[in-house]
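Atoms within each ligand, like the ligands themselves, are counted from 1 in listed order. Predicted model, so just to flag it, every value in this text is computed and none were measured.
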Amino acid sequence: MEQNGKLFVISAPSGAGKTTLIKRVLARFARVSYSVSHTTRSPRPGEIHGKDYFFINQDQFVHMIDTGHWLEWARVHGHYYGTSKAFVTEQLEKGNTLLLDIDVQGAGQIMASGLDPVSIFIMPPSLAVLRRRLENRGTDDPQTIARRLENAQQEIAQKHMFQYVLVNDDLETASAQLCRIFEKEM
Ligand code: ADP
Ligand code: 5GP
């Protein structure tokens with residue numbers, strides 16, 4: 001694949017504030033496009049098909065594995081998530097700046113694919129704060145929260161894979177730091 005555009009990959013444990021921070025980057029930089037992932041998990045209240053995710057069923061997802069649709073895909077917290085190869089290829093060939101919000105397994109696949117991403121890992125200040133954020137978000141049941149907290153520790157153990165590690169403690173500070181990374185790398 002010809003990579004004329006810049007590719008950013010952002011990963012974080014669930015609840016660290018990645019979606020909140022990415023929204024700020026997208027509002028600040030008009031030339032950054034967001035790669036909308038496909039998932040087999042159910043939409044949360046307020047999530048829009050085609051904007052937050054493409055919500056598909058497991059049969060559709062597995063079929064798209066077989067047909068080579070995915071640039072990367074992973075099973076995360078019991079659901080499938082994947083990034084469309086055609087979309088990313090088209091955007092990068094056009095020279096556009098593209099942002100992927102994917103888990104650490106997916107980030108590893110992108111790094112191994114021959115693409116040259118700017119990789120950023122977002123850390124919560126602590127696991128206790130992470131738990132509170134997931135509880136306060138109010139979108140996940142206790143079992144889902146427990147599973148996401150368990151996975152968080154495994155994800156944090158792999159943060160050394162990433163070029164930048166940013167702690168999302170104070171939101172204003174973290175979003176300013178993230179925007180500075182985009183300014184520098186674009
Ligand atoms: P993620 O996309 O990483 O799962 P979200 O962006 O949904 O996380 O954030 C999880 C919850 O934490 C949300 O309710 C969000 O409003 C809140 N949040 C995000 N960043 C901060 C921060 N710096 N301080 C306090 N609360 C935050
Ligand atoms: P959530 O269900 O909270 O939206 O996302 C759960 C996790 O799946 C997050 O770590 C998120 O980054 C990851 N994720 C979202 N889309 C993709 C994708 O296309 N590929 C991979 N590998 N992970 C994804």
Fill in: Polar proximity ligand 1 side, D170 side, N/O cut 3.5 Å exclusive
no
Worksheet item: Can you tell me if V129 has a non-hydrogen atom under 4.0 Å from ligand 1?
Response: no
Fill in: Minimal non-hydrogen separation, F55 against R41, with atom names
CD2-O, 3.2 Å
Item to complete: Please check if atom NE2 in H63 has more than 12 non-hydrogen atoms from other residues, nucleotides or ligands closer than 6.0 Å.
Response: no
Worksheet entry | Contact with ligand 1 for A174, non-hydrogen, under 4.0 angstrom | no
Discussion item. Checking side-chain contact (heavy atoms from CB on, under 4.5 Å) between T97 and each of L7, V118, V32, which is the one that passes?
Written reply: V32
Worksheet item: Any idea which atoms of ligand 1 are less than 4.0 Å away from a heavy-atom of T20?
Response: 5 (P), 6 (O), 9 (O), 15 (C), 19 (C)
Practice prompt. Report the relative orientation of the aromatic rings in F121 and F162; use parallel for angles under 30°, tilted for 30 to 60°, perpendicular for over 60°.
Written response: tilted
Worksheet item: Shortest non-hydrogen contact from C179 to R28?
Response: CB-NH1, 3.3 Å
Worksheet item: Which distance, rounded to the nearest 0.5 Å, do you find between the NE2 of H38 and the CE of M64?
Response: 4.0 Å
Practice prompt. Apply side-chain hydrogen bond (donor to acceptor under 3.5 Å, both in side chains) to the pair R137 and T139, showing each step before the final yes or no.
Written response: CA-CA 6 Å; R137 187 168 69 184; T139 56; 3.0 Å; yes
Worksheet item: Against heavy atoms of D169, which atoms of ligand 1 measure under 4.0 Å?
Response: 22 (C), 23 (N), 24 (N)
Discussion item. Could you check whether atom CZ of R24 has more than 12 heavy atoms from other residues, nucleotides or ligands sitting under 6.0 Å from it?
Written reply: yes
Worksheet item: Among protein heavy atoms, which lies nearest atom 20 (N) of ligand 1, and at what distance?
Response: N168 ND2, 3.0 Å
Fill in: Close side-chain approach of F8 to M186, heavy-atom, < 4.5 Å
yes
Worksheet item: Taking the side chain as C-beta and beyond, is there a heavy-atom pair between S14 and L134 under 4.5 Å?
Response: yes
Worksheet item: Which of these, R133, R24, K23, has its nearest heavy atom closest to atom 27 (C) of ligand 1?
Response: R133
Practice prompt. Answer with yes or no whether N136 contacts ligand 1, where contact means a heavy atom under 4.0 Å from a ligand atom.
Written response: no
Worksheet item: Can you find a pair of side-chain heavy atoms, one from V165 and one from H160, that are under 4.5 Å apart?
Response: no
Worksheet item: Is the CD atom of Q143 crowded by more than 12 outside heavy atoms at less than 6.0 Å?
Response: no
Fill in: Interfacing atoms of ligand 1 (cut-off 4.0 Å, heavy-atom, S14)
4 (O)
Worksheet item: So which protein heavy atom does atom 3 (O) of ligand 1 come closest to, and at what separation?
Response: K18 N, 2.8 Å
Worksheet, complete the sentence: Looking only at protein heavy atoms, what sits closest to atom 10 (C) of ligand 1 is G15 O, 3.6 Å
Worksheet item: Does any N/O atom on A12 come nearer than 3.5 Å to any N/O atom on ligand 1?
Response: no
Item to complete: Write out the residue and atom name of the closest protein heavy atom to atom 9 (O) of ligand 1, then the distance separating them to 0.1 Å.
Response: G17 CA, 3.6 Å
Discussion item. Closer than 4.0 Å to some heavy atom of T19 - which atoms of ligand 1 meet that?
Written reply: 1 (P), 2 (O), 6 (O)
Discussion item. Heavy atom to atom 7 (O) of ligand 1, shortest distance: which of R44, E172, R137 holds it?
Written reply: R137
Discussion item. Which protein residues come within less than 4.0 angstrom of ligand 2, counting heavy atoms only?
Written reply: A12, S14, K18, S37, R41, R44, Y53, E72, A74, V76, H77, Y81, G82, T83, D101, I102, D103, G106, R148
Worksheet item: With distance as the sole test, does D169 use its side chain to make a donor-acceptor pair with the main-chain N or O of P125 at under 3.5 Å?
Response: no
